[in-house]
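These values consider heavy atoms only, across backbone and side chains, with no hydrogens, waters or symmetry-generated copies.
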Amino acid sequence: MRVYLDNAATSWPKPASVYDAVTQYMRTIGASPGRSGHQQAMEANRIVYSTRRELAAMFNAPSDDHVILTMNATDGLNMVIKGLVTENDHVLVSSMEHNAVTRPLMGLADRMGLNVEKIPYDPVLGMDPAEVKKRIKPATRCIVMNHASNVSGICLPAADIGAVAAEHGVHFIVDGAQTAGIVPIDVQEMNADAFVFTGHKGLMGPQGTGGVIIRDSIHLRPWREGGTGSQSSNDRQPDFLPDALEAGTPNTPGIAGLLAALSYIRAVEISQILNHERRLRSLLRERLQGIAGIQLISGGLEDNAVGVISFTIDKKDPAQIGSDLDRR
């Protein structure tokens with residue numbers, strides 16, 4: 001029997017209701033939401049609105065219209081970073097950020113003199129909020145950090161770091177790609193000005209879905225302009241949420257699947273999902289530690305981690321390890 005262990009990249013299999021929702025949308029609705037007043041377009045609009053409402057409830061967004069739908073977390077992080085920072089700003093990040101954070105920032109550093117500072121991140125212990133506080137400068141515009149590492153699985157003390165950011169008037173941006181749908185999240189308690197998530201990992205939705213929760217404490221310049229279905233006679237991008245930050249026809253079949261996944265998660269409860277993942281992670285760590293030649297990279301604090309384990313094998317290339325496991 002083949003076992004799929006690549007959920008940190010994309011969760012699979014999805015709940016059956018997700019497949020059904022995508023198929024039903026494609027076969028029976030198929031229209032663009034918000035672009036017309038006919039029945040199919042109105043039903044498409046209802047699906048998008050319902051998804052926005054479910055996400056707002058899950059993450060305690062300020063309101064439904066503060067949920068910005070995107071293609072994935074990378075899309076959302078580009079939206080936030082490029083819509084916020086300006087020339088010569090100082091930005092703090094952890095030393096273990098995903099390329100979805102690092103590459104947009106370094107691209108801006110090359111083009112406009114952005115000053116990006118990396119804070120040491122212990123793969124076992126995570127991040128010390130006191131270290132973050134020490135590195136804040138007058139020019140610090142924002143702190144951008146993953147909620148949980150896709151390498152170690154360790155969760156950052158997001159609420160504590162968010163409190164430090166709020167104390168110093170610095171924007172706090174959280175990459176929740178590895179925690180959304182797995183860890184209970186309240187963006188208000190976290191003091192996250194922007195919380196970015198993807199739909200195809202812990203939320204168990206289709207690829208091509210995701211979003212950003214925006215709080216009133218942050219204003220983003222639109223980085224993508226175009227059709228919104230509102231104020232079509234105006235040749236300027238609308239200035240109200242979510243339309244200001246959503247342009248172009250969305251992946252509505254994927255959003256329909258995401259809505260079904262959110263309903264599934266609500267029925268199961270996130271706390272149960274998290275406990276289950278932590279039990280599996282603990283079991284896997286225990287068994288791997290008993291195998292000669294395996295070196296664990298991930299931290300051992302199960303009560304502060306998601307279901308991510310990284311390891312190497314002596315003198316073996318990681319790509320070869322993956323291929324061997326797949327074949328055998």
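- The two residues His38 and Ala31 make their nearest non-hydrogen contact at CE1-CB, 3.7 Å.
- Remark: Ile297 CD1 to Ile309 CD1 distance equals 10.5 Å, nearest 0.5 Å.
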Apply side-chain contact (heavy atoms from CB on, under 4.5 Å) to the pair Asn251 and Thr209, showing each step before the final yes or no.
CA-CA 7 Å; Asn251 175 16; Thr209 61; 3.9 Å; yes

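- Checked against Phe195 for a side chain to side chain contact (heavy atoms under 4.5 Å, CB included), the options Asn60, Asp186, Val80, Thr179 give a single hit: Thr179.
- Closest approach of Met79 to Leu245, counting heavy atoms only: CE-O, 3.3 Å.
- Remark: His66 NE2 to Ile214 CD1 distance equals 8.0 Å, nearest 0.5 Å.
- Contacts classified as side chain to side chain donor-acceptor pair (under 3.5 Å) and involving residues 194-207 (residues at least two apart or in different chains) are given here: Thr10-His200, Thr10-Gln207, Thr198-His200.
- A donor-acceptor contact closer than 3.5 angstrom links the side chains of Glu97 and Ser94.
- Taken from CD in Gln40 to OH in Tyr25, the straight-line distance is 9.0 Å, to the nearest 0.5 Å.
- By the rule that hydrophobic residues join a cluster once side-chain heavy atoms approach within less than 4.5 Å of another member, Met96 and Met127 end up as members of one cluster.
- The backbone N or O of Pro13 lies less than 3.5 Å from no partner atom in the side chain of Tyr4, so there is not a single donor-acceptor pair.
- Glu54 and Leu262 make their closest contact through CB-CD1, 3.8 Å (heavy atoms, listed as atom of the first residue, atom of the second, distance).
- Listed for the Arg281 side chain is a donor-acceptor partner under 3.5 Å among the backbone atoms of Val306.
- Thr252 places a side-chain heavy atom less than 4.5 Å from the side chain of Val48.
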May I have the step-by-step check of side-chain contact (heavy atoms from CB on, under 4.5 Å) for Ile47 and Ile29, ending in yes or no?
CA-CA 10 Å; Ile47 289 170; Ile29 302 174; 3.6 Å; yes

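- Residue Leu77 is grouped with residue Met106 when hydrophobic side chains (ILVMFWY) are merged at heavy-atom distances under 4.5 angstrom, including chains of intermediate members.
- Other residues, nucleotides and ligands contribute more than 12 heavy atoms inside 6.0 Å of the NE2 atom of His168.
- For the residue pair Gln295/Thr312, the side-chain donor-acceptor check at 3.5 Å is satisfied.
- In this structure the side chain of Pro242 never reaches within 4.5 angstrom of the side chain of Leu69, judged on heavy atoms.
- One hydrophobic cluster, built from ILVMFWY side chains closer than 4.5 Å, cannot hold both Val212 and Leu55; they sit in different ones.
- Here the shortest heavy-atom pairing between Ala148 and Gly153 reads CB-O, 4.3 Å.
- Side chains of Thr23 and Asp20: no donor on one and acceptor on the other come within 3.5 Å.
- Side chains of Glu225 and Arg236 form no contact here, defined as non-hydrogen atoms less than 4.5 Å apart.
- Under the 3.5 Å distance criterion, the side-chain polar atoms of Arg46 are left unmatched by any main-chain donor or acceptor of Ala41.
- With hydrogens and angles disregarded, no donor-acceptor distance shorter than 3.5 Å links the side chain of Ser282 to the backbone of Arg278.
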Please lay out, stage by stage, how Glu302 and Arg279 fare under the test salt bridge (charged side-chain N to carboxylate O under 4.0 Å, His left out).
CA-CA 8 Å; Glu302 308 302 346; Arg279 284 195 299 268; over 6 Å; no

Listing, residues 136-143 side-chain donor-acceptor contacts under 3.5 Å, not counting sequence neighbours, or none:
unit_1: Thr140; atom_1: OG1; unit_2: His90; atom_2: ND1; d: 2.7
unit_1: Thr140; atom_1: OG1; unit_2: Lys137; atom_2: N; d: 2.7
unit_1: Thr140; atom_1: OG1; unit_2: Lys137; atom_2: O; d: 3.1
unit_1: Arg141; atom_1: NE; unit_2: Leu84; atom_2: O; d: 3.4
unit_1: Arg141; atom_1: NH2; unit_2: Leu84; atom_2: O; d: 3.3

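- Between Ser95 and Ile119, every side-chain heavy-atom pair lies at or beyond the 4.5 Å cut-off.
- Salt bridge annotation for Arg52-Asp65: absent, with no cationic side-chain nitrogen under 4.0 angstrom from a carboxylate oxygen.
- Here the side chains of Met145 and Val174 are not in contact, with every heavy-atom distance at 4.5 Å or above.
- The heavy-atom pair separating Thr51 from Leu258 by the smallest distance is CG2-CD2, 4.0 Å.
- If you take OG on Ser323 and CZ on Arg328, they are separated by 9.5 Å, rounding to the nearest 0.5 Å.
- Crowding of Met112 atom CE: a count of heavy atoms from other residues, nucleotides or ligands under 6.0 Å exceeding 12.
- Judged by distance alone, with hydrogens and angles left aside, the side-chain atoms of Lys14 form a donor-acceptor pair with the main-chain N or O of Gly205 at under 3.5 Å.
- In the hydrophobic clustering of this structure, Trp223 does not group with Phe197; members are Ile, Leu, Val, Met, Phe, Trp, Tyr whose side-chain heavy atoms approach within less than 4.5 Å, directly or through other members.
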Would you check, one step at a time, whether the test side-chain contact (heavy atoms from CB on, under 4.5 Å) holds for Met58 with Ile185?
CA-CA 7 Å; Met58 176 176 284; Ile185 292 164; over 6 Å; no

Carefully, step by step, assess Leu288 and Leu296 under the rule side-chain contact (heavy atoms from CB on, under 4.5 Å).
CA-CA 8 Å; Leu288 287 173; Leu296 285 171; 3.9 Å; yes

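- One distance of note links CZ of Phe172 with CG of Asn191; it measures 8.5 Å at 0.5 Å rounding.
- Between Pro33 and Pro250 there is a side-chain heavy-atom pair separated by less than 4.5 Å.
- The backbone N or O of Val151 lies less than 3.5 Å from a partner atom in the side chain of Ser310, making a donor-acceptor pair.
- Across Arg35 and Gly227, no two heavy atoms sit closer than the pair NH2-O, 3.2 Å.
- Inter-residue side-chain proximity for Val91 and Val144 is flagged as met; some heavy-atom pair is nearer than 4.5 Å.
- The backbone N or O of Cys155 lies less than 3.5 Å from a partner atom in the side chain of Asn304, making a donor-acceptor pair.
- Two residues are said to be in side-chain contact when any heavy atoms from C-beta on lie closer than 4.5 Å; Ser149 and Ile154 fail this criterion.
- Residue Ile218 is not grouped with residue Val187 when hydrophobic side chains (ILVMFWY) are merged at heavy-atom distances under 4.5 angstrom, including chains of intermediate members.
- More than 12 heavy atoms of other residues, nucleotides or ligands sit less than 6.0 Å from atom NZ of Lys82.
- Not a single donor-acceptor pair under 3.5 Å links the side chain of Asn275 to the backbone N or O of Gln272.
- Enclosure of atom CZ in Arg215 by more than 12 non-hydrogen atoms of other residues, nucleotides or ligands within 6.0 angstrom is indicated.
- Between Asn146 and Asp175, the side chains place no donor N or O within less than 3.5 Å of an acceptor N or O (distance only, hydrogens not considered).
- Rounded to the nearest 0.5 Å, atoms CE (Met190) and CG (Asp160) are 11.0 Å apart.
- Asn78 contributes a side-chain N or O that, together with a main-chain N or O of Thr74, makes up a donor-acceptor pair within less than 3.5 Å.
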